[in-house]
There are 2 protein chains.
Amino acid sequence: MTISQKNARITIRTVAADAGVSVAAVSKVLRNAYGVSEDLRSRVEASIARLGYRPRAAARAMRGQADTIGVLLPDIRNPFFSDIMDGVHAALERTRYQSLVGISQSAWSIELALVDAMTDRPMDGLILVAPRMSAADVTVTALRTPTVLIGHHEPDATLFDTVNDDDELGARLVVGHLVAAGYTDIAFLSLAMEDPMNLVVTSRREIGYRAAMVEHGLSAHIDIVRASGSPRASQAAARRLLQGRQRPQAIFCWTDFIALEVLSVARELGLCVPRDLAVVGYDNTSYCDLLQNDLTSVDQSGQVLGLQAARLLIERIKGRTTAEHFLATPRLVARGSSRPRSPERETL
Amino acid sequence: MTISQKNARITIRTVAADAGVSVAAVSKVLRNAYGVSEDLRSRVEASIARLGYRPRAAARAMRGQADTIGVLLPDIRNPFFSDIMDGVHAALERTRYQSLVGISQSAWSIELALVDAMTDRPMDGLILVAPRMSAADVTVTALRTPTVLIGHHEPDATLFDTVNDDDELGARLVVGHLVAAGYTDIAFLSLAMEDPMNLVVTSRREIGYRAAMVEHGLSAHIDIVRASGSPRASQAAARRLLQGRQRPQAIFCWTDFIALEVLSVARELGLCVPRDLAVVGYDNTSYCDLLQNDLTSVDQSGQVLGLQAARLLIERIKGRTTAEHFLATPRLVARGSSRPRSPERETL
DNA sequence: CTGAAAGCGCTTACAG
DNA sequence: CTGAAAGCGCTTACAG
């Protein structure tokens with residue numbers, strides 16, 4: 001950060017005058033364009049340093065380059081999105097791009113307004129994380145600005161890239177793990193989406209859950225409950241599940257964030273985890289490691305997703321027009337919340 | 001969101017031609033400036049709607065109005081910052097301003113780069129949350145752009161506004177609460193800051209803690225440990241405290257985020273909370289309510305802080321030049337992690 | 001290698 | 001009430 005006076009705004013003109021060259025020359029030095037002599041370059045660089053000149057992104061944006069990529073996050077309460085941002089930051093570190101984040105608070109209307117606002121800023125490209133908007137709106141956005149979606153399965157999309165975890169496999173891993181640990185009555189606390197499009201999107205995990213249950217001969221135990229993902233809704237759904245006549249032995253939760261609420265409700269009801277109830281989350285966020293949670297989860301490496309998304313986006317900005325669809329392989333991380341059942345002890 | 005073709009960019013010119021008026025007229029309608037007839041206005045509005053025209057913020061920014069305020073967040077892992085953003089969003093809801101967030105990941109160098117980048121975008125104003133940068137850098141920033149700081153005590157500042165919680169009082173509340181509950185040996189797990197300036201800033205809570213301990217005749221028990229706030233550092237500090245020869249009865253933690261790590265370490269060491277160790281956090285984030293944490297905390301209402309900051313910033317953008325310094329009153333929220341000691345039971 | 005000039009999409013005095 | 005023109009701070013062909 002360098003000092004500049006408030007009154008006399010320092011522009012490319014000031015620098016040009018100071019260095020005794022043309023405005024165009026300064027611009028070239030700024031952009032490392034060729035066709036500048038060493039002498040001119042060093043003079044200009046000296047002036048820039050002396051004056052503390054900084055190019056205005058807005059003016060550049062008018063000529064096509066905003067040097068900014070926008071990231072749309074549904075909320076920042078869920079720490080999984082921090083992991084994604086870590087990946088984005090890592091990918092952008094040595095580039096000219098800055099990332100600016102818009103937070104939609106999981107509200108469909110805010111999301112639309114935010115995407116429009118970002119498009120209008122403008123941004124060179126957009127990373128939309130788990131968007132709620134319709135396929136049509138995504139299309140409109142992608143037509144205007146290079147776009148990469150995270151957490152939106154649409155492998156046939158041609159207008160934008162997608163970066164996903166193999167959610168079907170993730171759900172299968174969970175069921176397989178729980179079955180191996182001796183649990184058979186496994187419920188799935190899934191996410192209720194506002195938008196019809198996303199029903200298709202999000203059901204990947206439900207598909208995996210169903211398929212795995214069937215394959216393990218547990219189709220009679222299939223039980224999918226959907227809630228909005230807010231703490232209140234998650235708690236209510238957990239209570240319904242746990243106070244019902246047929247309390248499940250295990251609950252597979254849409255996210256860690258929801259699983260933490262389930263753990264809380266279990267404790268409230270006097271249930272001991274995992275003896276009375278096994279709980280599994282999704283995302284393997286840092287909260288899983290805390291021993292008061294000790295939560296088994298599926299690692300879908302938000303960092304890798306964020307990193308890939310940013311890389312793909314830069315490629316798109318640089319001109320790639322064919323779509324890329326990246327699919328990461330999830331990994332189950334077993335912890336105390338799903339320890340194997342010991343039938344002998346159970347009768348004590 | 002409205003549809004627009006990729007090829008033919010729709011600008012204010014397109015609209016003017018379509019409506020059969022001048023570019024200036026369209027601009028006036030856009031900005032609700034006076035001096036436009038009803039007839040002209042409705043014609044222009046019809047064209048805007050028909051064409052799906054959206055003004056470019058970058059072009060506007062070049063004339064002074066970016067309609068954007070930047071929020072600098074140190075990290076998004078700590079849910080307290082979500083609360084702040086909720087407040088900012090609430091304040092901005094009915095205004096023309098959009099908020100765009102930069103995440104510094106608590107790194108001093110990233111923070112500087114980000115603030116510069118935001119200033120260059122440019123933004124109409126900046127909200128800096130718990131900045132790590134030096135006083136000099138804050139000054140430079142505030143000279144360039146209207147600025148409000150959250151979590152930076154500097155009541156004499158004239159160039160920018162500040163919004164704070166009364167941190168000294170907050171710490172006093174904690175000590176008072178713990179003493180009333182029967183705890184006397186109370187350690188403070190505080191934050192180690194990189195920058196010398198912030199030592200002054202952050203020590204408010206340490207001042208409050210010290211003063212309250214002295215007032216309660218507990219000066220012999222004063223014990224301040226500082227760690228960087230990362231999960232790893234917090235855990236290490238907690239281990240040192242809890243495995244030392246003189247294990248404290250209670251630990252007051254800089255944030256909930258850190259307190260959660262302390263709870264985890266306590267469990268790892270086989271300590272029962274609050275019987276063997278009381279824990280108190282700060283921020284009263286949503287995690288406190290989870291029964292596996294059941295964490296007593298100080299509510300400094302991030303929402304209120306965010307709301308105030310955004311309001312003050314808008315006033316500044318509109319021309320206020322005198323500084324305002326807002327101080328919120330914290331509130332202690334008692335939960336299970338600091339339940340009163342029962343001396344009789346202790347001997348069992 | 002270097003620079004004058006046009007233009008990106010708006011807003012803002014200023015005439016009419 | 002309405003519009004022509006200058007200008008915000010850059011970049012980009014295009015001459016020289």
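Numbers restart at 1 for each chain; the letters A, B, ... are given by sequence-line order, proteins then strands.
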Asks: Of all heavy-atom pairs between B:I150 and B:N164, which one has the smallest distance, and what is that distance?
Replies: C-OD1, 4.5 Å
Asks: For residues 317-327 of chain A, which residue pairs pass the salt bridge (charged side-chain N to carboxylate O under 4.0 Å, His left out) check, not counting sequence neighbours?
Replies: A:D161-A:R320, A:E315-A:R320
Asks: Taking side-chain hydrogen bond (donor to acceptor under 3.5 Å, both in side chains) as the definition, give me every residue that meets it alongside B:S47, ordered by chain and number, with sequence neighbours left out.
Replies: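 Result, side-chain hydrogen bond (donor to acceptor under 3.5 Å, both in side chains) vs B:S47: B:D18.
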Asks: Who are the side-chain contact (heavy atoms from CB on, under 4.5 Å) partners of A:A24, not counting sequence neighbours?
Replies: A:S22
Asks: Using Watson-Crick and G-U wobble pairs with both distances under 3.5 Å, what is the 5'-to-3' dot-bracket string of DNA chain C, with [ ] for crossing pairs and | for pairs outside the strand?
Replies: |||.||||||||.|||
Asks: Could you give the side-chain donor-acceptor pairs of residues 57-64 of chain A under 3.5 Å, partners two or more places apart or in another chain?
Replies:
none

Asks: Strictly by salt bridge (charged side-chain N to carboxylate O under 4.0 Å, His left out), give each pair with a member in residues 96-106 of chain B just once, sequence neighbours left out.
Replies: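 Only B:D67-B:R96 qualify under salt bridge (charged side-chain N to carboxylate O under 4.0 Å, His left out).
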Asks: Going by the rule side-chain hydrogen bond (donor to acceptor under 3.5 Å, both in side chains), which residues pair with B:S99 if we only count those two or more places apart in sequence or in a different chain?
Replies: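 Once residues adjacent in sequence are excluded, B:S99 has no partner under the side-chain hydrogen bond (donor to acceptor under 3.5 Å, both in side chains) criterion.
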Asks: Which nucleotide of DNA chain C is the first, and which the last, in the 5' to 3' direction, to come under 4.0 Å of a heavy atom belonging to chain B?
Replies: C:dG9 to C:dT12
Asks: Among all residues two or more places apart in sequence or in another chain, which pass the side-chain hydrogen bond (donor to acceptor under 3.5 Å, both in side chains) test with A:R31?
Replies: A:S27
Asks: Identify, with sequence neighbours excluded, every residue that meets side-chain hydrogen bond (donor to acceptor under 3.5 Å, both in side chains) alongside B:R43.
Replies: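 Listed in chain order: B:D39.
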Asks: So which of residues 13-29 of chain A are in contact with DNA chain D, with a heavy-atom cut-off of under 4.0 Å?
Replies: A:V23, A:A24, A:S27
Asks: In chain order, what residues pass the salt bridge (charged side-chain N to carboxylate O under 4.0 Å, His left out) check against B:D86, with sequence neighbours excluded?
Replies: A:R77
